[in-house]
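Order of listing sets the numbers, starting from 1, for every ligand and every atom in it. Sequence positions, counted from 1, serve as the residue numbers for this chain.
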Amino acid sequence: MEKFLELISREVSGAFEACGYDASYGKTGISNRPDLCEYQCNGAMAAKKKYQKAPILIAKEIVERLTGNPMFLSAEAVNPGFINLRVSGECLAGYLGVMAADENLSVEKASTPKTIIIDYGGANVAKPLHVGHLRSAIIGESVKRICRAAGHQVIGDVHLGDWGLQMGLIITEVRHREPDLPYFDESFDGEYPEEAPFTIAELEEIYPTASEKSKEDEAYKAEALEATARLQDGVRGYRALWQHILNVSIADLKRNYSSLNVEFDLWKKESDAQPYIADMAEYMKREGYAYQDQGALIVDVKEESDTKEVPPCMILKSDGAALYTTTDLATIIDRVKHYDPDEIIYVVDKRQEMHFTQVFRCARKTRLVKEDVELKFLGFGTMNGKDGKPFKTREGGVMRLERLIAEINEEMYKKIMENHEADPDEARQTAALVGLSTIKYGDLSNQASKDYVFDVDKFTSFEGNTGPYILYTIVRIKSILKKYCAAEGTVLPTAILAPANESEKALMLELAQFNSVMEQAFEELAPHRICSFIYELSNALNRFYHETKILSHEDEVQKAGWIALLNLTRRVLETCIDLLGFTAPERM
Ligand code: ARG
């Protein structure tokens with residue numbers, strides 16, 4: 001449905017036209033002085049030059065034209081030429097009535113749906129999931145849901161890191177510890193054991209140990225590099241060991257991601273690109289895009305307009321091993337082949353921007369993608385602690401995701417038990433839902449590209465711009481709706497009435513923004529737009545609630561109208577938090 005603001009702009013434009021001015025001057029915006037008016041048009045000032053007329057005179061003509069128009073409660077011309085508008089309650093109620101009757105709440109679906117791949121999560125196997133990967137999962141999941149809600153066909157791919165040096169390091173360390181395992185016996189041609197030679201806990205200790213050793217011990221590092229190259233070459237025992245690492249690790253990752261309410265359609269990995277690499281390198285050489293430089297195969301990707309140096313994109317190292325750029329390019333080939341996407345969005349730490357500049361340019365230059373395919377880098381900033389440095393545990397170690405979630409849930413549990421008497425089991429479940437909102441809203445309410453401070457005290461608060469505050473608002477509405485239905489013995493009414501007071505109107509004006517916020521969130525791939533909207537909406541709802549005796553009101557028709565409005569607010573809020581990737585409990 002037409003956005004509410006467009007509806008108003010169209011009406012004001014009509015007035016400009018009817019008075020002999022260009023319709024484009026009728027563009028109207030939301031007022032930034034809600035004490036003076038709800039909507040404001042500055043077109044009369046803009047028209048001054050063209051029509052050689054004092055703006056206030058133009059504004060007065062427009063206002064006269066609009067007077068009596070059922071869409072407006074008032075229209076005023078204010079010096080030097082502002083047109084200040086208030087919409088009529090009937091018009092607003094009519095708009096929200098249509099919205100309430102629509103299961104999509106007046107959000108339009110794309111008329112030509114695109115196929116969009118979202119590359120997010122990006123965990124590395126055999127490394128514990130830590131907060132560094134948290135943002136990718138949270139932002140990516142939300143962006144995926146926003147794109148889907150806009151009507152597109154969206155495929156989320158976790159794109160696991162399983163092909164780099166970290167694999168060679170793990171293999172090397174396992175070899176040092178247990179050299180007699182059959183994986184290292186080149187003459188072994190039997191079946192390898194089904195059972196992995198390590199648990200997830202051991203695996204998570206093996207990697208950091210190996211990584212440390214390689215920094216101090218050149219020979220060890222050389223071994224790990226060789227093991228990486230041999231794995232990529234397909235040496236049987238190494239592949240079998242790698243498969244164990246994957247199995248153990250993926251089972252653990254799935255558990256972690258699911259506790260975050262993050263779901264991937266594809267569990268593809270860097271290694272899935274391997275089958276394309278040889279042909280890709282061959283093709284790039286044959287077509288003259290790639291050339292040999294000191295043994296390595298590279299493609300130049302710098303451009304004249306570059307203000308900072310963009311190094312060549314390396315396709316193969318001199319030992320023939322694939323790099324991060326190689327697997328990313330080959331993954332594009334895989335994606336084009338299987339899904340023919342119109343767009344690929346990468347949700348990755350913004351420190352990797354240069355890598356993606358190289359990859360995107362190389363993919364275009366070598367024509368791995370058609371010209372109209374969009375490659376987008378959605379880079380996010382760092383999650384810091386209160387000290388302004390990357391978020392750590394209290395002891396200063398790397399914060400594992402599981403621990404962060406457990407700590408937040410514990411905090412929430414305590415708060416819930418302090419607030420009121422609750423059944424401990426139910427309180428645990430509620431704490432998990434509220435805890436998730438704390439983490440996700442705390443992250444998503446910031447513009448993704450910015451660093452932000454993860455402030456546990458602030459984020460877990462039930463007041464202010466936080467996840468728990470939003471949930472609290474939803475729970476409040478749900479409780480009123482339940483009481484209403486129980487007392488009246490009826491189903492929820494749907495008829496939205498014209499507002500009876502100012503705070504009700506303010507709430508209705510917020511609700512009328514919903515479809516335009518959704519459009520903006522999609523266009524900018526910006527979950528924070530949704531967060532600021534639901535914060536304002538929650539504020540408006542709570543103000544209305546405090547100023548209005550709803551359930552004890554004597555007029556049944558009025559009461560039913562308010563209940564319908566509350567229910568619409570609940571639907572909008574719940575739709576929004578679903579797009580952010582969390583849900584509300586029944587009580588809290
Ligand atoms: N595994 C990578 C990392 O931890 C992130 C992967 C991002 N996606 C990609 N296609 N490169 O840094």
Practice item. Anything with a heavy atom under 4.0 Å from ligand 1 counts, so go ahead and list those protein residues by chain and number. Key: D119, G122, N124, H133, H159, Y324, D328, Y346, V348, Q352, F356
Review point. Sequence neighbours excluded, which residues qualify as ring pair (Phe, Tyr, Trp, His ring centres under 6.0 Å) partners of Y452?
Key: none
Review point. Under the 6.0 Å and 45° cation-pi test, does R428 pair with Y413?
Key: yes
Check your understanding: Do S532 and E536 have side-chain N/O donor and acceptor atoms under 3.5 Å apart?
Key -> no
Practice item. Could you list all the ring pair (Phe, Tyr, Trp, His ring centres under 6.0 Å) pairs where at least one residue sits in residues 355-374, not counting sequence neighbours? Key: Y324-H355, Y346-F356, Y346-F360, F356-F360, F356-F377
**Study point:** Presence of salt bridge, R571 and E574, under 4.0 angstrom
**Key:** no
Practice item. Can you sort out the partners of A222 under side chain to side chain contact (heavy atoms under 4.5 Å, CB included), two or more places apart, ordered by chain and number? Key: none
